[in-house]
S.K.: 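Attaching a single structure in structure tokens format; questions to follow.
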Amino acid sequence: MQPVKLKVKQTVVIIPTSPFNFDATVFKPAHFPTPDSFWQPGKRWQTALWRRRPLGLIIENKGTIAKPKVHLHVFSQTGLSKEFLENIKQEIIWRFNLHLNSKDFIERFKTDKILGPAIKNLKGMRPMTHGSLYDFLVITIMLQNAPVRRSIQMMQNLFEKYGKLLEFGSKKLYCLWPAEKLAKVPEQDLRKLKVGYRAKNLLRISLPFAKNEIDEMELRQKLPTEQKKILLSLYGVGPQSVSYLMPDIFHNFDFLEHVPLWERKILSKKIFNTGTENPAPEEKLLKFFGKYKPYKQLAMHYIWEDLWWRHKQSPIDWLIKEVRA
DNA sequence: CATCAGGGCCCTG
DNA sequence: CAGGGCCCTGAT
């Protein structure tokens with residue numbers, strides 16, 4: 001496929017709240033790679049379909065943990081208005097939580113026995129989402145009942161068939177399709193991409209977005225209980241998908257009702273030193289994180305990410321077994 | 001070669 | 001609220 005070259009580059013400056021850990025925010029080592037983004041220290045490439053325009057984004061570190069500064073480079077086919085740029089800037093601030101105030105959290109738990117070391121290591125890290133609610137839902141559907149390796153393959157197939165290849169900042173990356181395009185695809189075509197029964201789920205999840213029945217911006221304003229209810233009403237979204245969506249998409253950092261099995265295995269070993277083959281029951285983990293209220297989810301994120309960053313720096317044997325990528 | 005479970009969810013009884 | 005079925009694939 002010939003890439004679409006995004007020749008126009010415009011740059012805006014963002015000053016995140018301090019402290020800010022750039023790399024641990026924009027890159028999550030436990031996430032599997034998809035061909036819509038690329039990371040190297042100090043820089044993340046990310047495609048986005050924003051207000052119907054395919055964009056190339058580079059978010060670049062220009063500051064320090066104590067004095068954060070970020071350049072957002074926006075690549076497009078034709079120039080973008082000031083208003084558009086400001087709009088995408090605000091969206092990136094939201095998605096990467098660049099204006100999050102985490103001082104209270106840090107102060108409260110920096111000496112905690114389990115959480116303290118993670119805070120020390122990753123101080124200023126934030127949860128993030130790479131894209132929109134729809135972008136994220138596509139991933140949660142492809143995660144279902146499949147080993148990671150297969151999820152990666154399914155995402156790759158989908159991007160190649162229905163995505164748009166963009167070239168910007170000397171990288172070629174795919175941009176996700178518009179929901180209305182996917183909603184019209186015959187189920188059989190999707191099945192050819194070896195997504196199996198997920199074809200039906202992908203179609204059904206695309207529909208409300210194609211018909212503008214789901215307004216992500218509006219949902220952001222609603223109470224967590226309402227957000228959860230609406231997410232669960234979507235076909236193909238269950239408790240596990242919700243456990244990812246509530247913090248990452250809707251920034252509910254105290255939301256912790258469910259810990260998926262593979263995370264439970266890993267966290268259980270880390271926290272209670274159990275074997276990964278017999279992890280602590282979910283109840284026990286939820287109870288443990290109860291003490292980090294009102295930051296239960298944020299606390300789990302720090303402990304989780306800390307483990308993965310350490311693993312990246314010097315591989316942890318037992319963790320390798322749990323990643324079948 | 002067969003069998004099985006995998007970073008779920010829906011539907012049924 | 002428990003349990004079967006769903007697509008496909010790599011591991012055993």
S.K.: To the nearest Å, how far apart are A/Lys265 NZ and B/dA5 C1'?
M.R.: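 It is 10 Å, rounded to the nearest whole Å.
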S.K.: Check for a donor-acceptor pair, side chain of A/Gln77 on one end and backbone N or O of A/Leu6 on the other, with a separation under 3.5 Å.
M.R.: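 Side chain of A/Gln77 to backbone of A/Leu6, a donor-acceptor pair under 3.5 Å: no, none is there.
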S.K.: Measure the distance from CG on A/Leu319 to P on B/dG7 and round it to the nearest whole Å.
M.R.: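 Those two atoms, CG and P, are 13 Å apart.
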S.K.: Please produce a list of atom pairs where a protein N or O lies less than 3.5 Å from an N or O of nucleotides 9-13 of chain B.
M.R.:
from, atom 1, to, atom 2, distance (Å)
B/dC9, OP1, A/Gly238, N, 2.8
B/dC9, OP1, A/Gly238, O, 3.3
B/dC9, OP1, A/Ser241, N, 3.1
B/dC9, OP1, A/Ser241, OG, 2.6
B/dC9, OP2, A/Pro239, N, 3.3
B/dC9, OP2, A/Gln240, N, 3.0
B/dC9, O5', A/Gly238, N, 3.4
B/dC10, OP1, A/Gly236, N, 2.9

S.K.: For A/Trp308 and A/His311, run ring-ring contact (aromatic ring centres under 6.0 Å, His included): C-alpha distance rounded to whole Å, both residues' side-chain angles, the deciding distance at 0.1 Å, then the answer.
M.R.: CA-CA 5 Å; A/Trp308 285 90; A/His311 172 60; 5.8 Å; yes
S.K.: Distance check, P atoms only: B/dT12 and C/dC7, in whole angstrom units.
M.R.: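 The answer is 15 Å between these two P atoms.
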S.K.: Among A/Leu133, A/Thr140, A/Ile214, A/Ile249, which residue satisfies the side-chain contact (heavy atoms from CB on, under 4.5 Å) criterion with A/Leu231?
M.R.: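 Passing option: A/Leu133.
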S.K.: Between C/dG4 atom C1' and A/Asn145 atom CG, what is the distance in whole Å?
M.R.: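 That distance rounds to 12 Å.
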S.K.: A/Arg191 near the nucleic acid: base, sugar-phosphate alone, or nothing, with a heavy-atom cut-off under 4.0 Å?
M.R.: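 Sugar-phosphate only.
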S.K.: A/Arg198 CZ to B/dG8 C1': how many Å, rounded?
M.R.: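 Taking atom C1' of B/dG8 as the reference, CZ of A/Arg198 is at 9 Å.
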S.K.: Given atom CG of A/Leu202 and atom C1' of B/dG8, what is their separation to the nearest angstrom?
M.R.: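 Interatomic distance, CG of A/Leu202 to C1' of B/dG8: 15 Å.
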S.K.: Could you state the atom-to-atom distance from CE of A/Met154 to P of B/dG7 in whole Å?
M.R.: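 A/Met154 atom CE is separated from B/dG7 atom P by 11 Å.
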S.K.: Mind checking the P distance from B/dG7 to C/dA2? Whole angstroms is fine.
M.R.: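 Taking atom P in both B/dG7 and C/dA2, they lie 23 Å apart.
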S.K.: Considering the options A/Phe105, A/Trp309, A/Tyr292, A/Phe109, which one meets the ring pair (Phe, Tyr, Trp, His ring centres under 6.0 Å) requirement together with A/Tyr302?
M.R.: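 The ring pair (Phe, Tyr, Trp, His ring centres under 6.0 Å) with A/Tyr302 is passed solely by A/Phe105 among A/Phe105, A/Trp309, A/Tyr292, A/Phe109.
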S.K.: Any idea how A/Tyr244 and A/Phe136 line up, ring-wise: parallel (<30°), tilted (30 to 60°), or perpendicular (>60°)?
M.R.: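 Aromatic pair A/Tyr244/A/Phe136 classed tilted.
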S.K.: Apply salt bridge (Lys or Arg N to Asp or Glu O under 4.0 Å) to residues A/Arg191 and A/Glu187 and explain how you reach the verdict.
M.R.: CA-CA 6 Å; A/Arg191 283 184 180 251; A/Glu187 186 174 331; 3.1 Å; yes
S.K.: Can you measure A/His31 atom NE2 to B/dG7 atom C1' for me and round it to whole angstrom units?
M.R.: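 Result: 11 Å.
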S.K.: Got a sec: does the NZ of A/Lys171 have more than 12 other heavy atoms crowding it under 6.0 Å?
M.R.: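 Count over threshold, so yes.
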S.K.: Given Watson-Crick or G-U pairs with both distances under 3.5 Å, what dot-bracket string fits DNA chain B, with | for other-strand pairs and [ ] for crossing?
M.R.: .|||||.||||||
S.K.: For A/Lys181, does the NZ atom have more than 12 heavy-atom neighbours from other residues, nucleotides or ligands under 6.0 Å away?
M.R.: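 Count over threshold, so yes.
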S.K.: Quick test: give all pairs of protein nitrogen or oxygen and nucleotides 9-12 of chain C nitrogen or oxygen below 3.5 Å, distance rounded to 0.1 Å.
M.R.:
none

S.K.: How long is the line joining CH2 of A/Trp308 and C1' of B/dG7, in whole Å?
M.R.: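 A/Trp308 atom CH2 is separated from B/dG7 atom C1' by 10 Å.
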S.K.: Give a yes or no answer on whether the side chain of A/Asn97 reaches the backbone of A/Leu100 with a donor-acceptor pair at less than 3.5 Å.
M.R.: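 Looks like no, no N/O pair under 3.5 Å.
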S.K.: Any donor-acceptor pair under 3.5 Å linking the side chain of A/Asn252 with the backbone of A/Pro224?
M.R.: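 Not a single qualifying donor-acceptor pair exists.
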S.K.: Decide if atom CD of A/Glu283 counts as having more than 12 heavy atoms of other residues, nucleotides or ligands within a radius under 6.0 Å.
M.R.: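 No, the 6.0 Å shell around CD holds no more than 12 heavy atoms from other groups.
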